Amino acid sequence: MKRVITFGTFDVFHVGHLRILERARSYGDYLIVGVSSDSLNVSKKGRHAVYSQEERREIVSALRVVDQTFYEESLEKKREYLEAYAADVLVMGDDWAGRFDEFKNICEVIYLPRTPAISTTAIIESIKR
Ligand code: C2G
């Protein structure tokens, strides 16, 4: 059974998030998603997520293409997570292109094109207007 893993905040869930998860799942038989904790999100995005970590995990966990989720606490624990979840494939959007190549010695690393013209930030801005 080929185990695929991906990571993200998945705040204000949108089709860009859905499509990367669907595409990630297509690379194997089992998809594990590390959902960034609230504290990790603040440290990497410089702002609080709109949805709590529990709500973001609940939404991601409910998707047909997602088999297992956990809280990603730190970007520095990536190798630990890849080993702990026995990942065969790491899939990320290409805004991360090259950033995880160091893990090619333990799993396949695939970067997929982002879904254009949609982002949580843009959604928040449009709601504000
Ligand atoms: N994504 C996408 N298309 C968009 C927006 C996001 O394909 N229009 C992808 C991103 O490339 C990422 C995933 O959706 O692979 C989750 O995006 P975010 O929630 O913004 O997560 P990010 O901050 O990139 O977290 O350890 C890695 C980080 O936790 C990844």
Side-chain angles (χ1 to χ4, degrees):
M1 183 175 76
K2 200 165 187 188
R3 297 165 61 86
V4 185
I5 196 166
T6 189
F7 298 83
T9 296
F10 301 104
D11 193 24
V12 189
F13 199 81
H14 56 66
V15 288
H17 296 138
L18 178 61
R19 290 179 189 152
I20 191 87
L21 293 171
E22 289 175 331
R23 287 180 290 162
R25 175 66 179 72
S26 74
Y27 282 87
D29 313 289
Y30 189 87
L31 177 60
I32 304 147
V33 183
V35 176
S36 305
S37 65
D38 288 334
S39 58
L40 172 56
N41 188 67
V42 171
S43 68
K44 69 179 179 176
K45 301 236 179 189
R47 61 169 169 77
H48 290 280
V50 177
Y51 299 164
S52 70
Q53 61 188 37
E54 291 77 15
E55 291 165 337
R56 292 185 283 109
R57 185 174 176 184
E58 186 178 349
I59 290 171
V60 171
S61 303
L63 299 175
R64 178 170 35 79
V65 292
V66 175
D67 297 287
Q68 184 178 1
T69 60
F70 67 97
Y71 287 121
E72 176 193 30
E73 298 293 346
S74 157
L75 298 182
E76 282 65 50
K77 289 185 173 176
K78 187 76 80 247
R79 186 174 293 273
E80 179 185 325
Y81 293 138
L82 296 175
E83 289 167 348
Y85 291 95
D88 299 301
V89 190
L90 167 62
V91 175
M92 293 300 296
D94 61 6
D95 46 320
W96 293 91
R99 299 276 299 279
F100 301 128
D101 290 356
E102 66 184 283
F103 303 118
K104 287 186 172 176
N105 64 337
I106 57 171
C107 65
E108 267 182 84
V109 180
I110 296 171
Y111 304 104
L112 299 176
R114 282 169 66 93
T115 300
I118 190 161
S119 71
T120 300
T121 307
I123 292 168
I124 291 169
E125 287 312 308
S126 69
I127 291 170
K128 278 180 183 169
R129 279 195 301 277

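Numbering of ligands and ligand atoms starts at 1, following listing order. All of these numbers come straight from a predicted model, not from anything done at the bench.
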> With a 4.0 Å heavy-atom cut-off (strictly under), which part of Leu75 contacts ligand 1: side chain, backbone, both or neither?
Replying inline: side chain

>> Can you confirm whether the side chains of Ser39 and Ser37 place a donor and an acceptor under 3.5 Å from each other?
In response: yes

> Do NZ/NE/NH1/NH2 and the carboxylate oxygens of Asp67 and Arg25 come within less than 4.0 Å?
Replying inline: yes

>> Using a 4.0 Å cut-off to any heavy atom of Lys45, which atoms of ligand 1 qualify?
In response: 18 (P), 20 (O), 23 (O)

> Do the charged groups of Arg3 and Asp29 touch, with an N to O distance under 4.0 Å?
Replying inline: no

>> List the residues meeting salt bridge (Lys or Arg N to Asp or Glu O under 4.0 Å) with Asp94, not counting sequence neighbours, and say none if there are none.
In response: none

> Counting each atom of ligand 1 from 1 as listed, which ones have a heavy atom of Lys44 under 4.0 Å away?
Replying inline: 22 (P), 23 (O), 25 (O), 28 (C), 29 (O), 30 (C)

> So does Arg19 pair up with Glu22, basic N to acidic O under 4.0 Å?
Replying inline: no

> In the protein, which heavy atom is nearest to atom 19 (O) of ligand 1, and how far is it?
Replying inline: Phe10 N, 2.8 Å

> Which of the numbered atoms in ligand 1 are below 4.0 angstrom from a heavy atom of Ile118?
Replying inline: 4 (C), 8 (N)

> Just checking, is any N or O donor in the side chain of Asp101 or Tyr111 under 3.5 Å from an acceptor N or O on the other one?
Replying inline: yes

>> Tell me whether Asp11 has any N or O atom under 3.5 angstrom from an N or O of ligand 1.
In response: no

>> Checking the side chain of Thr6 only, and the main-chain atoms of Val91 only, is there a donor and an acceptor separated by less than 3.5 Å?
In response: yes

> Which protein non-hydrogen atom lies closest to atom 13 (C) of ligand 1, naming both residue and atom, and how far is it?
Replying inline: Ile20 CG2, 4.0 Å

>> Please determine whether the number of non-hydrogen atoms from other residues, nucleotides or ligands lying under 6.0 Å from atom CD of Glu102 exceeds 12.
In response: yes

> Taking atom types as modelled, is there a side-chain donor on Lys45 or Thr120 under 3.5 Å from an acceptor on the other?
Replying inline: no

> Counting from 1, what ligand 1 atoms have a heavy atom of His14 closer than 4.0 Å?
Replying inline: 5 (C)

>> Quick check: Trp96 and ligand 1, any N/O pair under 3.5 Å apart?
In response: yes

> Is the ring centre of Tyr81 less than 6.0 Å from the ring centre of Phe70?
Replying inline: yes

>> Using a 4.0 Å cutoff against the non-hydrogen atoms of Ser36, which atoms of ligand 1 qualify?
In response: 29 (O)

>> Need the ligand 1 atom indices (1-based, order shown) with element for anything under 4.0 Å from a heavy-atom of Lys78.
In response: 26 (O), 27 (C)

> To the nearest 0.1 Å, how far is atom 7 (O) of ligand 1 from its closest protein heavy atom, and which atom is that?
Replying inline: Arg114 CA, 3.5 Å

> What are the atoms of ligand 1, with element, lying closer than 4.0 Å to any heavy atom of Gly93?
Replying inline: 11 (O), 15 (O)

>> For ligand 1 and Thr9, I'd like to know whether there is a polar contact (N/O to N/O, distance under 3.5 Å).
In response: yes

>> I want to confirm something. Looking only at heavy atoms, which of Val91, Asp95, Thr121 is nearest to atom 11 (O) of ligand 1?
In response: Asp95

>> What protein heavy atom lies closest to atom 17 (O) of ligand 1? Include the residue and the distance to one decimal.
In response: His17 CD2, 4.0 Å

> Who's the nearest protein heavy-atom neighbour of atom 3 (N) of ligand 1, and how far?
Replying inline: Thr115 N, 3.1 Å

> Are Arg57 and Glu72 ion-paired here, with the side-chain N under 4.0 Å from a carboxylate O?
Replying inline: no

